[in-house]
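Order of appearance sets the numbers: ligands from 1, and atoms from 1 within every ligand.
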Amino acid sequence: CLAGGPATAQDNYPNHAISLVVPFAAGGPTDVVARSLGAAMSKTLGQSIIVENRPGAGGTLAATHVARAAPDGYTFLIHHNGMATAPALYRKLPFNPLTDFAYVGQVADVPMTLLGRKDLPPADMVEFIKYARANGNKINLANAGLGAVSQLCGMLLQEALGTQFTTIPYAGTAPALTALLGGQVDVLCDQTTQTIPHIKAQRVKLYGVTTLDRIKTLPDAPTLQESGLKGFEVKVWHGVYAPKGTPPEVVAKFNASLRAALKDPAFTQKMAELGAEIVPEAKQTPAGLQSWLQSEVDKWGPIIRKAGVYAD
Ligand code: MLT
């Protein structure tokens, strides 16, 4: 408040714990980023950030929940590309990502890895391409539902291969990876923030990374593009959102804490180990997230409509 003016609720914000809603199962890649980010942000906010997992409908249940939550600065959402793909994937989406939120900022970009169960026959991506074309829907592909990046990656992969797998959806890629480790499914495309420890321990077969160039954390892993899927690229980005109407002073304070966390050595080191790259400062702002989200909605809408994948 101005000097001498009446005290407002924003003056002593935050004065109790804050909920950060994760749209997928605990232990998965979004959850890993959220928990590390929450721990770093609680240092500057002086309050705990409690991660609340609300999986379902490819992330759209959590986004709906936050869009409808009280705009008081105590409920936030962390979400990825799914925020931008949902309008094309869901004909009856209960929220509009471009109008129903206040934007805080972006966090980190994460590559994906294409994995097979340990005893899947193909030894590398070149063999996998042949195997996939020959076996089609006999191959089970796990994902985290329509709106998950594992679904987006799988959709682009099937399109690039000109084949159709049998899709098995889970509440997140944590249970999907458990199914892959147990041999109940054959293939999963998932983020390095969850997969790196399993790749390093050789519990899964790594066929490649989904970035155009090889990545530092897995230098021996070929890109899908160099193995024959020219131009194949999926990169995961993360944004933090609040319900529309959250006071600008509160959003500014939360954003300052977010930006401090993105410089926190514990957070940056953990992200680097897991293959994630902190976004440049221009993307760490509300305007940086909002304009990026718009560009991603514009990018993915036509691709998804062309693929003809959607829920009624
Ligand atoms: C998760 O946290 O489970 C993943 O981000 C789900 C996905 O989008 O593939």
Side-chain angles (χ1 to χ4, degrees), residues 20-38 51-66 76-90 93 97 106-116 140-158 165 167-181 185-199 204 209-211 224 233-241 270-271 274-277 293 296 300 303-304 309 311:
L20 180 58
V21 177
V22 166
F24 299 100
T30 316
D31 187 75
V32 165
V33 174
R35 281 176 205 270
S36 314
L37 181 68
V51 168
E52 200 186 322
N53 299 88
R54 285 182 173 265
T60 61
L61 289 189
T64 304
H65 169 78
V66 173
F76 290 85
L77 170 72
I78 182 164
H79 204 343
H80 55 36
N81 312 45
M83 200 65 165
T85 55
L89 290 170
Y90 287 86
L93 194 65
Q106 287 187 62
V107 182
D109 291 337
V110 182
M112 299 190 82
T113 46
L114 180 63
L115 308 178
N140 289 326
L141 170 77
N143 73 20
L146 272 184
V149 285
S150 44
Q151 177 267 328
L152 186 66
C153 179
M155 179 190 89
L156 296 173
L157 180 67
Q158 290 170 87
F165 300 137
T167 295
I168 314 217
Y170 291 86
T173 53
L177 183 65
T178 303
L180 188 77
L181 294 170
V185 294
D186 303 314
V187 182
L188 170 68
C189 186
D190 192 22
Q191 298 156 74
T192 56
T193 32
Q194 165 161 255
T195 62
I196 278 185
H198 299 277
I199 291 166
V204 288
V209 293
T210 67
T211 42
L224 297 198
E233 184 185 25
V234 193
K235 249 165 69 176
V236 184
W237 56 272
H238 297 79
V240 175
Y241 306 82
K270 171 126 202 225
M271 288 301 105
L274 294 176
E277 215 173 286
L293 177 68
E296 285 282 287
W300 290 111
I303 296 172
I304 291 164
V309 178

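Residue-to-ligand polar distances place V149 within reach of ligand 1: an N/O pair is separated by less than 3.5 Å. By the 3.5 Å distance cut-off applied to N or O atoms, H80 is counted among the residues near ligand 1.
Within ligand 1, counting atoms from 1 as listed, the ones closer than 4.0 Å to a heavy atom of A148 are 7 (C), 8 (O), 9 (O). Every atom of ligand 1 with a heavy atom of P29 under 4.0 Å away is listed here by number and element: 1 (C), 2 (O), 3 (O), 4 (C), 5 (O). Each of the following atoms of ligand 1 lies closer than 4.0 Å to a heavy atom of G172: 3 (O).
Contact annotation: Q191 has at least one heavy atom less than 4.0 Å from an atom of ligand 1.
For the residue pair T195 and T113, a side-chain donor N or O sits within less than 3.5 Å of a side-chain acceptor on the partner.
Between the side chain of Y90 and the main chain of A57, a donor-acceptor pair closer than 3.5 Å is present.
For atom 3 (O) of ligand 1, the closest non-hydrogen atom on the protein side is T173 N, 2.8 Å. Nearest non-hydrogen protein atom to atom 9 (O) of ligand 1 is S150 OG, 2.6 Å. The protein heavy-atom contact nearest to atom 2 (O) of ligand 1 is T30 OG1, 2.7 Å.
The number of heavy-atom neighbours closer than 6.0 Å to CD of E277, taken from other residues, nucleotides and ligands shown, is 12 or below.
Residue nearest to atom 6 (C) of ligand 1, selected from A34, A26, A144: A144 (by heavy-atom distance).
The one candidate from V110, L114, T210, T211 that meets the side-chain contact (heavy atoms from CB on, under 4.5 Å) condition with V234 is T210. If you run side-chain contact (heavy atoms from CB on, under 4.5 Å) between T173 and each of T30, L188, N143, V149, only L188 comes through.
In this structure the side chain of V107 never reaches within 4.5 angstrom of the side chain of M271, judged on heavy atoms.
Taking CG of L177 as the start and CD of Q191 as the end, the distance is 12.0 Å to the nearest 0.5 Å.
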